[in-house]
There are 2 protein chains.
Amino acid sequence: MGNNVTMRDIAARLGVSSVTISKALNDKEGVSDELKQKIKEVAEEMGYRFNTLAKSMKEGQAYNIGVIIPERFTGEIQSFYLKFYQHIARVLDQHQYSGILHILSSEDEDHNVLPRIYYDKKVDGLLILGQISNDYINLLNRIEIPIVYIDFYNEDAEADTVITDNFSGVYEMTNHLIKNGHKEIGFVGNIYSTSSIQDRFLGYYKSLLEHKLPLNQAYIINDRDDRGKYIDLEMPEKLPTAFVCNCDQIAYNLINKLNSLGYRVPEDCSVVGFDNDIYAQIAEPKLTTVEVDIEEMSRTAVNLIISKLKSKQKKWEQVSVKGKIVYRNSVKQLNES
Amino acid sequence: MGNNVTMRDIAARLGVSSVTISKALNDKEGVSDELKQKIKEVAEEMGYRFNTLAKSMKEGQAYNIGVIIPERFTGEIQSFYLKFYQHIARVLDQHQYSGILHILSSEDEDHNVLPRIYYDKKVDGLLILGQISNDYINLLNRIEIPIVYIDFYNEDAEADTVITDNFSGVYEMTNHLIKNGHKEIGFVGNIYSTSSIQDRFLGYYKSLLEHKLPLNQAYIINDRDDRGKYIDLEMPEKLPTAFVCNCDQIAYNLINKLNSLGYRVPEDCSVVGFDNDIYAQIAEPKLTTVEVDIEEMSRTAVNLIISKLKSKQKKWEQVSVKGKIVYRNSVKQLNES
DNA sequence: CTGAAAGCGCTTACAG
DNA sequence: CTGAAAGCGCTTACAG
């Protein structure tokens, strides 16, 4: 396995020019099939490895995409975005790009510090995974490399965005509860916290409206403070027959809370979640929930950013990818069917 | 924010040469402090961003490290290595390097296909996270870029390795059980599966030996097949008073198994794990377990590979990083103290 | 079908 | 303290 074999070395061995080698190895026009074949064989034999750096320099493209995840989403157990990143990395690889993960520290986010990979021109574009502060978004909007936001959106920013269809996911889930006879349905989540939670809440609300069911403020339970930190869930005096939770982890916490108060799920109260992450599976009973289509979202986001790289003029777009309901055992049927 | 500002542009503006700009921006000798200061200001003002690509090409260094995780370790809930990767990415960033994640598909592993990032010279070195097949290790040993293996080792390979101190972790954990009066202690894990599990088993065995306790084969429970896939745990006729599990997930599964058989933990049988991952926290009762020091291991591995990059002659070394026991509620005290 | 020339944006000697 | 020259390994546009 030769170490630093270059196109010039192959050229010298074959008595041709390095231009010809370049053409042959890139399957371009202008080399006879015979010679092309020969060149590929010799390249293989000499252990030639293509030097992306040189190509990159020539083209001004690094063939890397930065993937930014705010630190607070990477805590002890919150692995959703890390899992997301894994899928993105794969899709990127299929397009001959690489993904460089950057965990955005709270400090850098607060002080509007851009990641080093941007300043060093190591990346051609940025994928932002998870809601960040509006100030930081404004900062990002001023830089010239393409950016695609994933899993949240900001109504002020005219930016490319790939989100899961929170609204219709929870809307359909709430319909499902109502179809099963539930009339008093609560919602758990800080509806001022993120746009995702807001949309999920609105999907829930739309379902209530459509079925002429009242929105009972006592049934709207806050689950986190403004920094996204979970707080203790305060239960209302009288329980609804079901709770729609903004995510599985909160549903899991809610079940524990209900159990500690002597209630059984779903016998005394039904609980549904969102995400279909590990909490949906370890909850007892297992959660009926909405599964986010991470793969489709990854594909969409990567296609978006690569097409923006190819033609800078492309208009921005917002894509929402449908999830699907996963039926398990956390919902009790109240009516006859 | 200028787009393609180069050193030459700054040089032109100031009427000096680009060599001087390079020296000033890199804080090298040979530029007066005054000029250096001025250059930095103008660079900032013009929105100059350093082009790593050019530097990389000159030096033949990409300033990227590939991080390889075998696909089978990235399943639905197995996020341990992903979490590991996150720490590695951070430490790398502190050294001005970037980490590029590559999930090694089972197919590529079986067919000895090296990742594209290697063939494209996108990375200067490789960090291998999690046990891979011996064939693949042999393949890796033949390539010329530095490699550091993390969280497992292969006795055949004279390779740089960073592992958690499995042996002493389980050894101390077993001592802890014995100190609490346990004399019949089982072990759960396929001891032919990975070197980590083997070492954990040996730590357990050493503790038994030291305390003159017999090794009862009926108490050694297999937990996975040769591909690492979990299998149903077969319980012995008569239970020991405690089980040492090779990881938290298996401990979690074991508790469920015991519960389904009508046994309570720790009242009827104590259970301890290893890793202190999410399974240790969601288990009921919470697990007494050994915590792997991911941060320290990440730092060590990154330092190792960067020092190998700097001096290729460095001899290989194997570092084992101590974990520490986390005491929770899954162990019953059998004796008076 | 094949190749000589120029250039991508830096850095490293070396000369002044 | 400052700079002209050469080179890292490719690719592009042009000429033959």
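Below, all heavy atoms of this structure are taken into account, side chains as well, without hydrogens, waters or symmetry copies. Letters go in sequence order (proteins before strands), and every chain restarts at 1.
Across D:dG9, C:dG9, C:dT11, the shortest atom-to-atom separation from the side chain of B:K58 is found for C:dT11. Nearest nucleotide to the side chain of B:V19, out of C:dG3, D:dT11, C:dT12: C:dT12. Listed nucleotides: C:dT2, C:dC10, D:dG9. Nearest to the side chain of A:V31: C:dT2.
Between B:F84 and B:F80, the distance separating the two ring centers is shorter than 6.0 angstrom.
The shortest side-chain heavy-atom distance between A:V162 and A:R299 does not fall under the 4.5 Å cut-off.
Contact between the side-chain N/O atoms of B:K28 and the OP1/OP2 oxygens of C:dT12 is found at a separation under 4.0 Å. In terms of phosphate contacts, B:T6 brings no side-chain nitrogen or oxygen within less than 4.0 Å of OP1 or OP2 of C:dG9. For the OP1/OP2 pair of D:dT2 and a distance below 4.0 Å, the side-chain nitrogens and oxygens of B:S32 include at least one atom meeting the criterion. Within the structure, a side-chain polar atom (N or O) of B:Y48 is placed less than 4.0 Å from OP1 or OP2 of C:dC10. The side chain of B:S17 contributes no N or O atom lying less than 4.0 Å from OP1 or OP2 of D:dT2. Look at A:S22 and you won't find any side-chain N or O under 4.0 angstrom from OP1 or OP2 of D:dC10. Side-chain N/O atoms of B:N51 include none lying less than 4.0 angstrom from OP1 or OP2 on C:dC8.
In this structure, CG of A:L53 is placed 12 Å from C1' of C:dC8, rounded to the nearest angstrom. Residue B:I10 contributes atom CD1, which lies 12 Å from atom C1' of C:dC10 at whole-angstrom precision. Atom CG in B:L14 sits about 17 Å away from atom P in D:dC1, given to the nearest Å. As rounded to whole Å, 17 Å separates atom P of D:dC8 from atom OH of B:Y63. In this entry the distance linking CG of A:L35 with P of C:dG3 reads 8 Å, nearest Å. Across the protein-nucleic acid pair, B:K38 atom NZ and D:dT2 atom C1' stand 18 Å apart, rounded to whole Å. Rounding to whole angstrom units, CE of residue A:M57 and P of C:dA6 are separated by 17 Å. The separation between B:E29 atom CD and D:dT2 atom P is 13 Å, rounded to whole Å.
Across all strands, B:G30 comes closer than 4.0 Å to base atoms (heavy-atom distances). In this structure, A:M7 reaches the sugar-phosphate backbone alone: every heavy-atom distance under 4.0 Å involves primed, P, OP1 or OP2 atoms, never a base.
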Worksheet item: After noting the C-alpha distance and the side-chain angles of B:D108 and A:R90, does the key distance pass the salt bridge (charged side-chain N to carboxylate O under 4.0 Å, His left out) rule?
Response: CA-CA 13 Å; B:D108 283 355; A:R90 279 186 200 224; over 6 Å; no
Discussion item. Go through it in stages, so that I can follow the logic: the residues are A:E71 and A:S105, the test is side chain to side chain donor-acceptor pair (under 3.5 Å), and I'd like the CA-CA distance, side-chain angles, deciding distance and then a yes or no.
Written reply: CA-CA 5 Å; A:E71 186 175 34; A:S105 71; 5.0 Å; no
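Ion pairing of A:D124 with A:K308 is absent here, as no side-chain N (NZ or NE/NH1/NH2) approaches a carboxylate O to less than 4.0 Å.
Nearest-nucleotide assignment on DNA chain D puts the 5′-proximal partner with B:V16, out of B:V16 and B:E59. Residue whose closest nucleotide on DNA chain C sits further toward the 5' end, between B:F50 and A:G15: A:G15.
Evaluation of atom-type donor-acceptor distances gives a pair under 3.5 Å for the side chain of A:K23 against the base of C:dG3.
Residues A:Y81 and A:D151 bring a donor and an acceptor atom of their side chains to less than 3.5 Å of each other.
Pairing for C:dG3 is with D:dC14, a Watson-Crick or G-U wobble pair whose two hydrogen-bonding atom distances lie under 3.5 Å.
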